[in-house]
Structures are given as C-alpha cells and as structure tokens.
There are 2 protein chains.
Amino acid sequence: MTQGPSADPGVIDLLGLLAYAELGSFFRLADDAGLAPTLRAKGQLAALAATEQAHYQALRDRLEELGADPEEAMAPFVAPLDAWQERTEPQSWLESLVKTYVGDGIAGDFYARVAGLADDETRVLVEGVLAETGRAEFVAETVRGALGEDPKLSGRLSLWARRLVGEALSQAQAVAVQRPELAKLLAGGDRGSEPSSGVGDLAAVSRMFASLTEGHSGRLRAMGLAD
Amino acid sequence: MTQGPSADPGVIDLLGLLAYAELGSFFRLADDAGLAPTLRAKGQLAALAATEQAHYQALRDRLEELGADPEEAMAPFVAPLDAWQERTEPQSWLESLVKTYVGDGIAGDFYARVAGLADDETRVLVEGVLAETGRAEFVAETVRGALGEDPKLSGRLSLWARRLVGEALSQAQAVAVQRPELAKLLAGGDRGSEPSSGVGDLAAVSRMFASLTEGHSGRLRAMGLAD
C-alpha cells in the first residue's frame, strides 16, 4: 500500500472510471440475461458478467495499492455511467447483444488508447483487462445470423447502434468537463508538445473520442449493420 | 469426454440441480445488488455472484465430462428453483441478506450430505464448491448489527427465514417425486440396508431434508433471529 509517484489524480480518476464501468457491465450483463432465449445463452452471459467482475476487482485492488479509496474514486462516474445505461436500456435480446458489442468495442479502444498514458503498472493492468474481452466474434456472428433470417431488423438495429454511440459521447463530454485532471491525462496522448490548458484538453478529448468511432464503423460492418 | 460408470442418472440429476441452483444464485445475487445501500456492498455482491458463476461452470464442465448435455440435465430443475426464487423475492436489503445466508446454509448442508453419495470425482467437485462459500460470517454480522439498531425487525425477519425454509422444503419434495433416480441417490445415505423402493426413497428424502433444518436453527441464532 505505498502511494508512489504514480498516484496522479488523473490516473485515480481513470481507474475509478474503468472500475465502475466494469461493475456496471457486470450488472448489465447479469440483468440482460433475462432476455436470453435459452439456458445456454443465460450461462454464457453469466460467464461474461463474471469476467467483468474480475476486471472490476483488479482495478479496485490497484486503486487500493495506490492509496486511494476505491469507492471515492468511482463516485464521480456513477451518475454519467448509470445515465448511459438508463438511456440505452435494450428492449430485446438482439439490442442487448448489439449494446454489448458496441459498448465493449468502444471501451476496448478507449482502454488501448489510454493505457499508454498512465504509469507502467496501470498500463499493464489496463491492457490485461482489454485482452480478456474476447467475446466480439460470438456476438457479431449471432447478430449476423439473426439479420440473415430477418433482414428487416437491420434498419432498427443500425439506429440503435448509432444511439448507443451518441449517448456515450455525450456522457464522455460531460465527464471530461467535470474531471479536468482526467481530461488532462486523456489529452496527453493527443496534445503532443502543446502546453496543457483547460479548453485545449477538452478539444483534445473530443478528438480522441471522435477517433474512437472509427473502430465503431468496422464493428457495425462485422455485425452486418449500416454505419 | 468418457462416459464412465459414474454417469448414474441420479448423479447427472444431482449435478444438473446444483448447476442450475448456482446459476440461479448468480442471477439472484446480481439482481439483489440493486437493493444494496452502498457502492462497496454492490461490489461485494458482485464478487459473491462471480463465485457462484465459477461453481456453475465447474458443475457444467463435469456434466460435459460425464457425456451429459448440461442444459438437458438442468432443465428438470428450472421450474422448481425458479418457483422458489419467485416465491421468496426479498423486499429489502436485510431480507436479501437473510435469504443469502439461509439459502447458502441449506445448500451447503445439502452439498455436504450428498457429496458422499456420488462417485469420487463428483464428491471432490461438490466439496470444492461447498468450501468456497465463505460469506456466512459477513452476512450474519451485518444482520446482527441491523437488529442491534432496530430490534423490532427481529419478528419480521424470523418469519421471513421460516418462509424461506418452508418454500424450499416444498419445492424439494416436488423434485423428489418427479426425479426418482435422484431421490434414490439421495435416499442412499439414509436407507442403509433397506431395499430401495419408490415410497421408501421419498420418506428417506423427507428425513434428509428435515435433518437439514437442524443447521438452520444454528444459523438463525447466529443472525440473532428466533427459530
């Protein structure tokens, strides 16, 4: 429990954000299992949820190692992440699969992007969390299969995917404004040699999030959905 | 994936029952977290749920090893276990804690009792599942603390605990009638040298379940509740 030089407030924010995001994913996956059509699919969702719980635990442990109170670190992100979950409540099993795929995809790109900005130990942890998220193929295949059987679903699910991203970007912007230390950390990867400034950081965070939607288009195509 | 001599239909039933019970506990714990008063408690429930998922996975894997279809093996127990969950839906955080403690306790006693009746590999697996359920202390302490603050809760929670057991025994009886091979296996520990018969097995299963309530009284006392 040594509080080393790595206990940058931006890193604590980042770990708190990721930890609560993982806890939220855990509860969402467990909850969505109610929509699962089979006992087998319910079991698969439980396994995915358990993986998220393990990530949450690792991030929480890291916060404690850095001398931070994990619940305090998570607190600022409860409202925006809960808001995203509430505004994007899936109404069907397919919507819940698309949400898992789109949400995991953006989260994964985000983790990969920010991993390089934190201290080495945090980077290794975040990369580990990222590497274990290997369900993309299963979800993309299931959605493609459903679209093959009923191509009319494509329009509605494409709109749904667009809404998921729109709501995520909107919450991310709110977080960036409220957590300047985090915005500064996230902007670090984009700013280059430019000096740090509040407004400059916000613009850099915007550019970073905009670039995350590039991977999103590829994921939509993988599911057979329109951009 | 060899179907050895251990693939007794009663053992397959037992593993199917335990697997679906663990999956159900997983979903219940994840669901009850909505009642948890703090972010810390939510995280703790998520950890408990993840442990149940790991048990489910181990039992499911064992079913596959025995050459059984895990979902088929679980299917007969979906209705009775779901019925128990539905009839005992906690209305408060304390009720959900008491349910966890009472339910885990009975399940633990049941596992310990039946472990000796199955083949060696199944026994080791079931004992492992049992050994990991170490949250009793935490729950009992939390309930005692709440009763210390508001002793009037004791009557209501005692009734609640009684209802949990009553509903469990009722579902267990229904299962014993519907699954004669399982009843035969469970009766094995009680029957001794008596020859196996349908009605004799049911009586033996009744005696076994009745004896499970002995541990239950001790658990009620540990929580500060009346028997």
Side-chain angles (χ1 to χ4, degrees), chain A residues 15-64 68-82 85-86 89 132 135, chain B residues 15-64 68-82 85-86 89 132 135:
Chain A
L15 291 170
L17 165 65
L18 297 182
Y20 190 69
E22 295 293 341
L23 190 61
S25 291
F26 166 84
F27 285 117
R28 187 178 64 71
L29 285 165
D31 201 41
D32 285 0
L35 301 166
T38 64
L39 195 49
R40 176 96 185 91
K42 271 190 221 294
Q44 286 169 326
L45 275 189
L48 297 183
T51 305
E52 304 290 7
Q53 190 278 330
H55 294 166
Y56 156 78
Q57 193 62 56
L59 292 159
R60 196 183 179 289
D61 290 349
R62 179 67 184 142
L63 279 164
E64 281 193 334
D69 177 301
E71 277 67 42
E72 260 175 47
M74 284 183 253
F77 308 105
V78 169
L81 284 164
D82 284 1
Q85 298 287 7
E86 278 159 28
E89 182 88 29
E132 274 178 43
R135 68 249 207 170
Chain B
L15 292 169
L17 165 64
L18 297 183
Y20 190 69
E22 294 292 340
L23 190 61
S25 290
F26 166 84
F27 285 117
R28 187 179 62 73
L29 285 166
D31 202 39
D32 286 0
L35 300 167
T38 64
L39 193 50
R40 176 95 185 91
K42 271 189 220 296
Q44 285 170 326
L45 276 188
L48 297 182
T51 305
E52 304 289 6
Q53 189 278 331
H55 295 165
Y56 157 78
Q57 193 62 55
L59 292 159
R60 196 183 181 287
D61 290 350
R62 178 68 184 142
L63 279 163
E64 281 192 334
D69 178 300
E71 275 68 42
E72 262 176 45
M74 283 182 255
F77 308 105
V78 169
L81 284 164
D82 284 0
Q85 298 287 7
E86 278 159 30
E89 181 88 29
E132 275 178 44
R135 66 245 208 175

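Heavy atoms only: backbone and side chains are in, while hydrogens, waters and symmetry mates are out. First the proteins, then the strands, lettered A, B, ... as listed; each starts at 1. Note that the coordinates shown come from a computational prediction; the quantities given were computed from them, not determined experimentally.
Looking only at heavy-atom pairs under 4.5 Å with chain A, the residue among B:K42, B:R40, B:Q57, B:M74 that has the most is B:R40.
Proximity to chain B is limited to the side chain of A:Q53, based on heavy atoms less than 4.5 angstrom apart. Contact annotation for B:L23: only side-chain heavy atoms (C-beta onward) come within less than 4.5 Å of a heavy atom of chain A.
In this structure, CG on B:L59 lies 9.5 Å from CG on B:L17, to the nearest 0.5 angstrom. Considering CD of B:E72 and CG of B:L63, their distance stands at 11.0 Å, rounded to 0.5 Å.
Under the 4.5 Å side-chain criterion, counting only non-hydrogen atoms from C-beta, B:T38 is not in contact with A:E71. Residues B:L39 and A:Y20 have side chains in contact (heavy-atom distance under 4.5 Å, counting atoms from C-beta outward).
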